[in-house]
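The next block holds one structure in the form of structure tokens; read it before the comments.
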Amino acid sequence: MTASHDVPFRLVIHGGAGAIKQSRLSAEREAAYRQVLTQSLSAGYDVLKIGGSCIDAVTAAIVVMEDSPLFNAGKGSVFSREGQNELEASIMEGSTRLAGAVAGVTTVRNPIRAAHAVMTKSTHTMLIGPGAEIFAAEQGLEIVDPEYFHTSYRWEQLQKALAKKQVLRDHDIDSNRPFTNNDKKHGTVGAVALDRHGNLAAGTSTGGLTNKRRGRVGDSSIIGAGTYADNRSVAVSATGTGEMFIRTAAAYQTAAQIMLLQKPIHEAADTTLKEISSIGGDGGLIVLNVKGDYAMRFNTSGMYQGTIGHNGIAWTGIFHDESEI
Ligand code: GLY
């Protein structure tokens, strides 16, 4: 593979934003989160450093988080009202603006791989439900019994949510308390990457909401809402209240402000988050451009996040006061 070594490749990831309170996050759990974030960064870095594509780096980074029970994606996905785990993911590359997405899948171990396959092995952009699962199996992706996604922690969360007739907006892994307006976490995972060829990609994966209605689809599988990439502007992945991110076309809105209004990337992300806030939502965005400039912005108290560049030094963060930029 030919690589342009003068391009400063970079990977930025998130593992969900929300009301993550330092005082309530045990040292052990914080270390566990940081460990998986670092493993995710390392997986993407290994692809980028040898000249691999941004799409493969994004996929590799997200697979690590999907395979961890800590995050609300893949293995750690939350339960719907009917006691099922309905997963979704999307991916997009900025050079061609090709994209792939799946939603409502219950047997695909790594939905981001299925989204990648939709993009690269089909003529479609989005597949849902059984059709997406059949396609994933045809592509040789790992199919699991739905029981694979059953974790007792998430099951207990569902029972509490059902008892209180609440929709939990996140995996709420640290406190195990039901959702209130002051207690929101969003466990979605995502990644944006710039490769040595100067190309951008973005990807996002989630289990959605605890006690969500069957068939509910969030922003994570919607191109332009939870995921967007265009080499002319930026790659974006979102985490937060999916309905509001869909209604504001959050990822595309961020990219459009940069491409059409030449806004600095931090400012564009903050403007989008303000827009989301104005209709009652919250969450975070990671943004990366072809120069390797990036932003990790959130209007919640915390966001699991990390980044790594060509020097190979991984940085992870959770709270505002430790944000790298
Ligand atoms: N942002 C993830 C979801 O709302 O499903």
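In this chain, numbering begins with 1 at the start of the sequence shown. Because only heavy atoms are used, hydrogens play no part in the values below, and waters and symmetry mates are left out as well, while side chains stay in.
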Legend entry - CA sep, side-chain torsions, deciding dist, call: R34, I318, side chain to side chain contact (heavy atoms under 4.5 Å, CB included): CA-CA 9 Å; R34 289 188 192 270; I318 304 174; 3.9 Å; yes

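- A side-chain donor-acceptor contact under 3.5 Å links T239 to the backbone of A17.
- Hydrophobic clustering keeps I128 apart from L209 (ILVMFWY residues linked when any side-chain heavy atoms are closer than 4.5 Å, directly or through intermediates).
- With hydrogens and angles ignored, the 3.5 Å screen pairs no side-chain donor or acceptor of T227 with any backbone N or O of I223.
- Atom CG of residue D145 and atom NE2 of residue H150 lie 12.0 Å apart, to the nearest 0.5 angstrom.
- Remark: the T204 side chain and the S220 side chain contain no N/O donor-acceptor pair separated by less than 3.5 Å.
- There is a path of hydrophobic side-chain contacts, each under 4.5 Å, that joins L285 to I279.
- Judged purely by atom type and a 3.5 angstrom limit, N299 uses its side chain to pair as donor or acceptor with the backbone of G283.
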Inset, instruction - Check the pair K49 / D46 against side chain to side chain contact (heavy atoms under 4.5 Å, CB included), numbers first and verdict last. - result: CA-CA 6 Å; K49 81 172 174 203; D46 287 349; 3.6 Å; yes

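- Rounded to the nearest 0.5 angstrom, R214 CZ and E82 CD are separated by 6.0 Å.
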Inset, instruction - Determine, stepwise, if the pair T254 / T272 fulfils side-chain hydrogen bond (donor to acceptor under 3.5 Å, both in side chains). - result: CA-CA 6 Å; T254 305; T272 301; 2.9 Å; yes

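- Annotation for A132 and V105: closest pair CB-CG1, 3.6 Å, computed over non-hydrogen atoms.
- Note on V58: it does not cluster hydrophobically with V108, by side-chain heavy-atom contacts below 4.5 Å among ILVMFWY residues.
- Pairing each heavy atom of V36 with each of V64, the nearest pair is O-CG1, 3.9 Å.
- Summarising the geometry of T300 relative to G302, their closest heavy-atom pair is OG1-O, 2.9 Å, with the distance given to 0.1 Å.
- With a 6.0 Å radius and a threshold of 12 heavy atoms from other residues, nucleotides or ligands, I143 has its CD1 atom above the threshold.
- Separating the OH atom in Y148 from the OG atom in S77 is a distance of 9.0 Å, to the nearest 0.5 Å.
- The minimum heavy-atom distance linking N231 with L200 is given by the pair OD1-N, 3.0 Å.
- Side-chain atoms of H116 do not come within 3.5 Å of backbone N or O of G100 as any donor-acceptor pair.
- Under the 4.5 Å side-chain heavy-atom criterion for Ile, Leu, Val, Met, Phe, Trp and Tyr, L48 and I91 are members of the same hydrophobic cluster.
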Inset, instruction - Check the pair D282, T241 against side chain to side chain contact (heavy atoms under 4.5 Å, CB included), reporting the backbone distance first and the verdict last. - result: CA-CA 6 Å; D282 65 10; T241 45; 3.8 Å; yes

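- V236 and M92 end up in different hydrophobic clusters when Ile, Leu, Val, Met, Phe, Trp and Tyr side chains are linked at under 4.5 Å.
- Nearest heavy atoms, L194 versus V290: CD2-O, 3.5 Å.
- Annotation: side chain of R113 is in contact with side chain of V63 (closest heavy-atom distance under 4.5 Å).
- Separating the OG atom in S95 from the NE2 atom in H197 is a distance of 10.5 Å, to the nearest 0.5 Å.
- Using a cutoff of 4.0 Å between basic side-chain nitrogens and carboxylate oxygens, R10 and D293 are not scored as salt-bridged.
- You'll find the ring centres of Y45 and F9 inside the 6.0 Å limit.
- Side chains of S205 and E66: a donor on one and an acceptor on the other come within 3.5 Å.
- Judged purely by atom type and a 3.5 angstrom limit, E86 uses its side chain to pair as donor or acceptor with the backbone of G215.
- Side chains of R109 and L141 form no contact here, defined as non-hydrogen atoms less than 4.5 Å apart.
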Inset, instruction - Could you give me the CA-CA distance, side-chain angles and deciding distance for Q157 and F79, then say whether side chain to side chain contact (heavy atoms under 4.5 Å, CB included) is met? - result: CA-CA 8 Å; Q157 266 189 342; F79 285 95; over 6 Å; no

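- Listed for the T59 side chain is a donor-acceptor partner under 3.5 Å among the backbone atoms of I55.
- Remark: side-chain polar atoms of T107 are not paired, donor with acceptor, to backbone N or O of P146 under 3.5 angstrom.
- Salt bridge annotation for E156-K160: absent, with no cationic side-chain nitrogen under 4.0 angstrom from a carboxylate oxygen.
- Between the CZ atom of R81 and the OG1 atom of T210 there is a distance of 12.5 Å, given to the nearest 0.5 Å.
- With respect to Y304, the ring pair (Phe, Tyr, Trp, His ring centres under 6.0 Å) criterion is satisfied by exactly one of F298, F319, Y33: Y33.
- Summarising the geometry of A202 relative to A229, their closest heavy-atom pair is N-CB, 4.0 Å, with the distance given to 0.1 Å.
- Put simply, the side chain of Q139 never gets that close to the backbone of A117: no donor and acceptor are under 3.5 Å apart.
- Looking at D219 and M244, their side chains never come closer than 4.5 Å, going by heavy atoms from C-beta outward.
- Judged by distance alone, the side chain of N72 and the main-chain N or O of G208 form a donor-acceptor pair under 3.5 Å.
- Between atom CZ of residue R232 and atom CG of residue D230 there is a gap of 4.0 Å, rounded to the nearest 0.5 Å.
- Side-chain N or O atoms of E88 include one that pairs as donor or acceptor with a backbone N or O of G218 at under 3.5 Å.
- Under a cut-off of 6.0 angstrom, the local environment of CZ in F135 is crowded, with over 12 non-hydrogen atoms contributed by other residues, nucleotides or ligands.
- V118 places none of its side-chain heavy atoms less than 4.5 Å from the side chain of M126.
- Taking a 6.0 Å sphere around NE2 of H310, one finds it holds 12 or fewer heavy atoms contributed by other residues, nucleotides or ligands.
- Counting only heavy atoms from C-beta outward, the side chains of L162 and Q159 approach each other to under 4.5 Å.
- Put simply, the side chain of N110 reaches to within 4.5 Å of the side chain of D67, judged on heavy atoms.
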